[in-house]
Every structure is written in C-alpha cells, then in structure tokens.
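By convention here, the first residue in the shown sequence is residue 1.
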Amino acid sequence: MTATDSSGRKPTLAVVGATGAVGTVMLDILSTRRDVYGEIRLVASARSAGRKLSVRGEQTEVLALAPEVFDGVDIAMFDVPDAVSASWAPVAAARGAVVVDNSGAFRMESDVPLVVPEVNADAVRDRPRGIIANPNCTTLSMIVAIGALHDQYGLNELVVASYQAASGAGQEGIDALYDQLERVGGDRELGHRPGDVRSAVGELGPFPAPLALNVVPWAGSLQDGGWSSEELKVRNESRKILGLPDLRVAATCVRVPVVTTHSLAVHAVFDAPVDQREAQAILAGSPGVVLVDDPEGYEFPTPADVVGTDPTWVGRVRRSLDDPNALDLFLCGDNLRKGAALNTAQIAELVAAELTG
C-alpha cells in the first residue's frame, strides 16, 4: 500500500468506470463532498480513453484501463461489470491500492468485507485481499434503516417486496423505458385488453415484459428454485452486513416504470416487542435516514421526491396488527447515489481517513 507521510499528502484516487451511469454520479459526488484526495485519475475502457470529464471543477482526461494506471494510487473505486472487476481489482490491489468495488464479484467472498458505513464501518479495516465490496443497490436502499432498528430490537426475519427502477438495469434500462413510454404515450385505448400494451411497446429492451404501463415481477438472472439473483442478493447481503448468518429473508423483486430510485415494502420481525413511536424516533435520529411519515397528511416518500438525494427515506411505519414484534414500513433510496456511488465514496473516505490518520 502506498504510504501516506506526515507531510499531510492527500491520497491518490482512481475512479474506474468513470464514464458509466454510476461513474457520472460519482464524479458529481467527488465534486460536492469534502475534498479528501490529492490526484484523481479517471479510468475507463480503451474506447473512452482521451475523453475529458469534469471533476472538482477541472477537466480531467480519461485513461485507458491498464496495470500502470494504478501505480501510486492509494484508493481505487471500481464501477464496472463483474467480470472486469474480477480481473482488474486484484491487479489494482497488487499495485498497492485499496479497492472499493461496486460490482458483485467479491460481495460474498469470506475474506472481502461488505460495508455500509452507517452499519458496519469497522469492517473496512479487515481486508486481507486489499478489496472492500459495496452492496447491491436494492440492499443499500433498505439496510441503513433496518440496521438502526436491528440495533434496538434485534432482527429476526425480513419479508421484502422491492419496486426497482429501470436504471437498475443500466443505461439500456433507462433508454428502454423512455422508448416504451414514447410508444404508448397519449393512447388512452391501451391497457384495456390482454396483450395490447405488449404489442404497442414492441422492443422490450433488457426486461422480460413491457415496463411502460406495467410492473414486471422479475429483476436479475434465474437462480435455483425460481429465485432471481436480485432476490438472493437481498437475502445474502443483508445477512453478511448485519452479521446475522441465519437471518430469515424472503424477497420478491419487481421492476416498475420509474427511471431512478428503488422502493421497498418491508415486513421486519424482531426478537423484542416494537413500539411505533419509538421506531419512528429511532429512524428519525439515524445517520443517513430521513423519516417522512404523516398518514393524516398523506406524507410519505416516493421515488419522484427522493431521486437525486442521498439518504434512505422512510415512511408508513406501522406495528404489525398480528405480531407485536413486527414492523411494516416503506423505504425509498436513489439507486445510483446511496445505492451505488455514494456508499462507494463513503467507504473510500473511511479508507482515506485511515491512511492519513
């Protein structure tokens, strides 16, 4: 690892995947949060090399991904496909960088910490491979709030229905949704007969069914037993982050016609009885959480209000009618910010503080 000396030299940062959807958000975050870095190198595939992007108010040239770009780098944030991270994160670590990886390549590796700073910040220090993993955006949209409640009541079980935005499928998902909306927009005859929306939409893009004027109960790839990869990520990642290897989790992931911001309806069962007002107070006082919960005024979070913001927004907090140990609540989080770029940046800041401390 490149040493930081007593002269106060700031760490050198590499952003790998700087031209992607999350990478673009990352550059905005780096330009608006407290500046903890010296040099920032922007890295992407060879076809993007030479482009200039703005970061911290300066135009910075994008470098092609190659081993030598990590020479002298202290921290490398990766937002690239799983296969690219699997190949290149070890290269960066071998060159002395601490890698913070946003892909799914290392999340469930036993020797790679899976970190949400508001929940398990201390885990960043135990990184024998020099790699720290960032959780999936769906898990991240939920886990900050659930972690705060777990600290108070002891979590026993989660039943989750997610309502995931098109941007969770990348730029292809965003483009497909906009294209579909253009094809169906203004036609008030649609949605009354089986198959009429499917016919009007035509190309489905990355979705298995029309997303415009529809919801699609599928996100991710097929796994054993009919589960999707997204549903298993919610289960497995929640267990690892919270340190609850036997936590019972059932998730159904649904794609909805929203551009950006995931939502989740959560039924959480705890070891101890819960109180609605106390739970609301816990959430309202938790870092990274905003409570908007006034049913009389019909005030609760929605993606249209949450998009572009950093916190997890929580509302509709209710004690279960049938179980005094259970809460039902609704959460929203921008899947490109806290769900990806922001959490990666927060982890990197923890590492930067460690290196300079």
Side-chain angles (χ1 to χ4, degrees), residues 2 10-106 115 130-137 140 167-175 260 308 310 334-352 355:
T2 303
K10 292 182 177 180
T12 296
L13 174 72
V15 180
V16 183
T19 59
V22 175
T24 300
V25 177
M26 180 63 72
L27 299 189
D28 175 66
I29 287 172
L30 289 171
S31 299
T32 55
R33 288 178 69 83
R34 183 171 62 92
D35 188 2
V36 300
Y37 303 108
E39 179 188 357
I40 295 180
R41 299 180 192 174
L42 307 184
V43 184
S45 63
R47 66 177 178 275
S48 296
R51 289 177 56 183
K52 290 191 175 182
L53 302 175
S54 177
V55 59
R56 298 187 300 187
E58 300 178 358
Q59 293 296 308
T60 302
E61 185 172 332
V62 176
L63 306 174
L65 181 59
E68 57 270 18
V69 302
F70 299 109
D71 290 343
V73 169
D74 298 290
I75 304 168
M77 298 192 297
F78 274 63
D79 185 70
V80 292
D82 290 8
V84 178
S85 279
S87 296
W88 284 95
V91 173
R95 297 257 172 166
V98 177
V99 174
V100 184
D101 181 45
N102 190 42
S103 82
F106 302 99
V115 176
I131 300 171
I132 303 166
N134 194 55
N136 176 259
C137 54
L140 272 167
S167 57
Q171 188 62 47
E172 184 185 4
I174 296 172
D175 293 341
T260 297
D310 290 340
D334 187 314
N335 53 294
L336 299 183
R337 293 189 71 84
K338 181 58 178 176
L342 176 62
N343 199 73
T344 305
Q346 289 174 302
I347 296 170
E349 288 168 5
L350 291 176
V351 176
L355 297 179

Using distance only, find each side-chain donor-acceptor pair of residues 12-29 under 3.5 Å and give its atom names and separation, not counting sequence neighbours.
unit_1 : atom_1 : unit_2 : atom_2 : d
T24    : OG1    : G20    : O      : 2.8
D28    : OD2    : R337   : NH1    : 3.3

Over all heavy atoms of both residues, which pair between [X] and [Y] is shortest? Give the atoms and the distance, please.
| X | Y | answer |
| --- | --- | --- |
| A86 | A105 | N-CB, 4.1 Å |
| G38 | K10 | N-CB, 3.3 Å |
| A93 | G130 | CB-O, 4.2 Å |
| P90 | F106 | CD-CZ, 4.1 Å |

Restricting to ring pair (Phe, Tyr, Trp, His ring centres under 6.0 Å), what partner residues turn up for F70, sequence neighbours left out? F78

Could you work out, with side chain to side chain donor-acceptor pair (under 3.5 Å) as the rule, every residue matching N136, not counting sequence neighbours? T138, E230

Checking N102 now: which residues fulfil side chain to side chain donor-acceptor pair (under 3.5 Å) with it, not counting sequence neighbours? D79, N134

Measuring from atom [atom1] of [X] to atom [atom2] of [Y], what distance do you get when rounded to the nearest 0.5 angstrom?
| X | Y | atom1 | atom2 | value |
| --- | --- | --- | --- | --- |
| S167 | D175 | OG | CG | 11.5 Å |
| C137 | L336 | SG | CG | 8.0 Å |
| L355 | D74 | CG | CG | 6.0 Å |

Test: side-chain hydrogen bond (donor to acceptor under 3.5 Å, both in side chains). Region: residues 53-64. Which pairs qualify, not counting sequence neighbours?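 Output for this query lists D35-R56.
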
Write out all pairs satisfying side-chain hydrogen bond (donor to acceptor under 3.5 Å, both in side chains) with one or both partners inside residues 81-94, taking only residues at least two apart or from two chains.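 Every side-chain hydrogen bond (donor to acceptor under 3.5 Å, both in side chains) pair that includes a residue of residues 81-94, provided the two are not neighbours, is S85-D101, S85-S103.
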
Pairs in or reaching into residues 10-49: which pass ring-ring contact (aromatic ring centres under 6.0 Å, His included), with residues at least two apart or in two chains? none

From CA spacing to verdict: side-chain contact (heavy atoms from CB on, under 4.5 Å), M77, L30: CA-CA 12 Å; M77 298 192 297; L30 289 171; 4.2 Å; yes

Would you be so kind as to tabulate the donor-acceptor pairs closer than 3.5 Å made by side chains of residues 345-352, with sequence neighbours excluded?
unit_1 : atom_1 : unit_2 : atom_2 : d
Q346   : OE1    : K338   : NZ     : 2.5
Q346   : NE2    : E118   : OE2    : 3.3
E349   : OE1    : R33    : NH2    : 2.8
E349   : OE2    : R33    : NE     : 2.7

Taking atom types as modelled and ignoring hydrogens, do the side chains of T260 and N335 form a donor-acceptor contact shorter than 3.5 angstrom?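 Absent: no donor and acceptor within the cut-off.
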
So L42 and L63, do their side chains get closer than 4.5 Å, heavy atoms only?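 L63 vs L42: side chains apart.
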
Beyond-backbone contact of P135 with N343, side-chain heavy atoms, under 4.5 angstrom: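 Touching, per the 4.5 Å side-chain cut-off.
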
What residues form a side chain to side chain contact (heavy atoms under 4.5 Å, CB included) with E172, not counting sequence neighbours?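 Expected list: P206.
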
Could you walk me through whether V62 and L53 pass side-chain contact (heavy atoms from CB on, under 4.5 Å), step by step? CA-CA 7 Å; V62 176; L53 302 175; 3.8 Å; yes

